[in-house]
Amino acid sequence: MNDHLDLLNGAYALDALDDVERAAVERHLRTCTSCAVEVAEFGEAAARLGAAAAVAPPPDLRARVLAEARATRQGPARMRKPPPRPRRLAVAGAAVAVLVATAGTTWWVQENRVTDERARVVAAEQESARMRAVLAAPDATLKTSENSRGGRFAAVYSAAEGAAVLSFDGLGDVPSGKTYQLWRIVGGIPRSLAVLPPDARGGTRVVGDLEPADELAVSVEDEGGAPQPTDVYATVALN
């Protein structure tokens, strides 16, 4: 199961989890307020999507407008300028325009939120499947950092899959304005994998396109990351 249960919030809201994953998410929601709020928002967005798309002017609006028009007094025949349009008709027209525009905007925003969440669910499922493939590979081998300055920095590597499951936890605190950055070192050339949030001290991710001679590393950098590692915290060799 994916250790990052927050990635399953959208799937939970869309009722797309199996029983084991649903139970794990529900246990997590009992102690995580931010995830509970996110699940509620996703559920509300999905529930309102169809309703927002179906918003239309009141069915009797056309009849009321025509009746109002028929009741309007016409000016004398000698007057060529038509009588002014009743204020109520103008207000009604403006109200309809606002209603339609608001419904359209609400549908667009919610449709994009649901689409984005579906993309997150698909990405999380693909990551989970890739992780299971690496861990189940016959040649999967655990590699642990021998130079970590604290915490755990390790990887399960499979040459057959050409990938590793990188796992790290308990990384030390960093000064204000600093954060951790993950690296893949290919042929001696570092390539950034991700800049972690300032408060991140652990995580798990799949790293692909790896060769036995490659390395994985984590460094301490200024917030926003760096083009090259400047303060290496830990490395793990895959061979």
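Side chains included, hydrogens not; waters and symmetry mates left out as well; all remaining heavy atoms used. Counting begins at 1 with the first residue of the sequence.
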Validation: residues 164-174 side-chain donor-acceptor distances under 3.5 Å, sequence neighbours left out:
| residue | atom | partner | partner atom | Å |
| --- | --- | --- | --- | --- |
| S167 | OG | R152 | NH1 | 2.9 |
| S167 | OG | R152 | NH2 | 3.2 |
| D173 | OD1 | R201 | NE | 3.4 |

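When side chains are defined from C-beta on, E161 does not count as touching L135, because their heavy atoms never get closer than 4.5 Å. Considering only heavy atoms from C-beta on, L193 comes within 4.5 Å of L216 through its side chain. Between I185 and R191, the closest side-chain pair of non-hydrogen atoms is not below 4.5 Å. No side-chain heavy atom of V218 sits less than 4.5 Å from a side-chain heavy atom of W183.
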TODO: Test side-chain contact (heavy atoms from CB on, under 4.5 Å) on R149 and D231 and set out the steps.
DONE: CA-CA 11 Å; R149 284 152 45 183; D231 184 8; 2.8 Å; yes
Open item on the list: Checking V195 against E221 for the side-chain contact (heavy atoms from CB on, under 4.5 Å) test, could you report, in this order, the C-alpha distance in whole Å, the side-chain angles of both residues, the deciding distance, and whether it holds?
Closed with: CA-CA 9 Å; V195 177; E221 308 295 345; over 6 Å; no
- [ ] Take V220 and Y233 through the side-chain contact (heavy atoms from CB on, under 4.5 Å) test and state the conclusion after the steps.
- [x] CA-CA 6 Å; V220 179; Y233 187 91; 4.2 Å; yes
Open item on the list: Quick one, E127 with R205, criterion side-chain contact (heavy atoms from CB on, under 4.5 Å). Give me CA distance, side-chain angles, the key distance, then yes/no.
Closed with: CA-CA 8 Å; E127 176 91 351; R205 64 178 296 144; 3.9 Å; yes
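S145 and T235 make their closest contact through OG-O, 2.7 Å (heavy atoms, listed as atom of the first residue, atom of the second, distance). Residue A163 comes nearest to V206 through the heavy atom pair CB-CG1, 4.4 Å, listed as atom of the first residue, atom of the second, then distance. Residues L210 and Y157 approach most closely at O-OH, 3.5 Å, considering heavy atoms.
Between the T144 side chain and the A154 main chain, no donor and acceptor come within less than 3.5 Å of each other. Counting only distance, with no hydrogens or angles, the side chain of K143 and the backbone of N239 share a donor-acceptor pair below 3.5 Å. T31 places a side-chain N or O within donor-acceptor distance of the main-chain N or O of H28, the cut-off being under 3.5 Å.
Taking 4.0 Å as the cut-off between side-chain N and carboxylate O, E215 and R184 do not count as a salt-bridged pair.
Every side chain to side chain donor-acceptor pair (under 3.5 Å) that Q181 has, sequence neighbours left out, goes to S192.
No more than 12 heavy-atom neighbours from other residues, nucleotides or ligands sit within 6.0 angstrom of CD on E146.
With no hydrogens or angles considered, a side-chain donor-acceptor pair links D139 and S158 at under 3.5 Å.
Atom-to-atom distance recorded for E223:CD and Y180:OH is 13.0 Å, nearest 0.5 angstrom.
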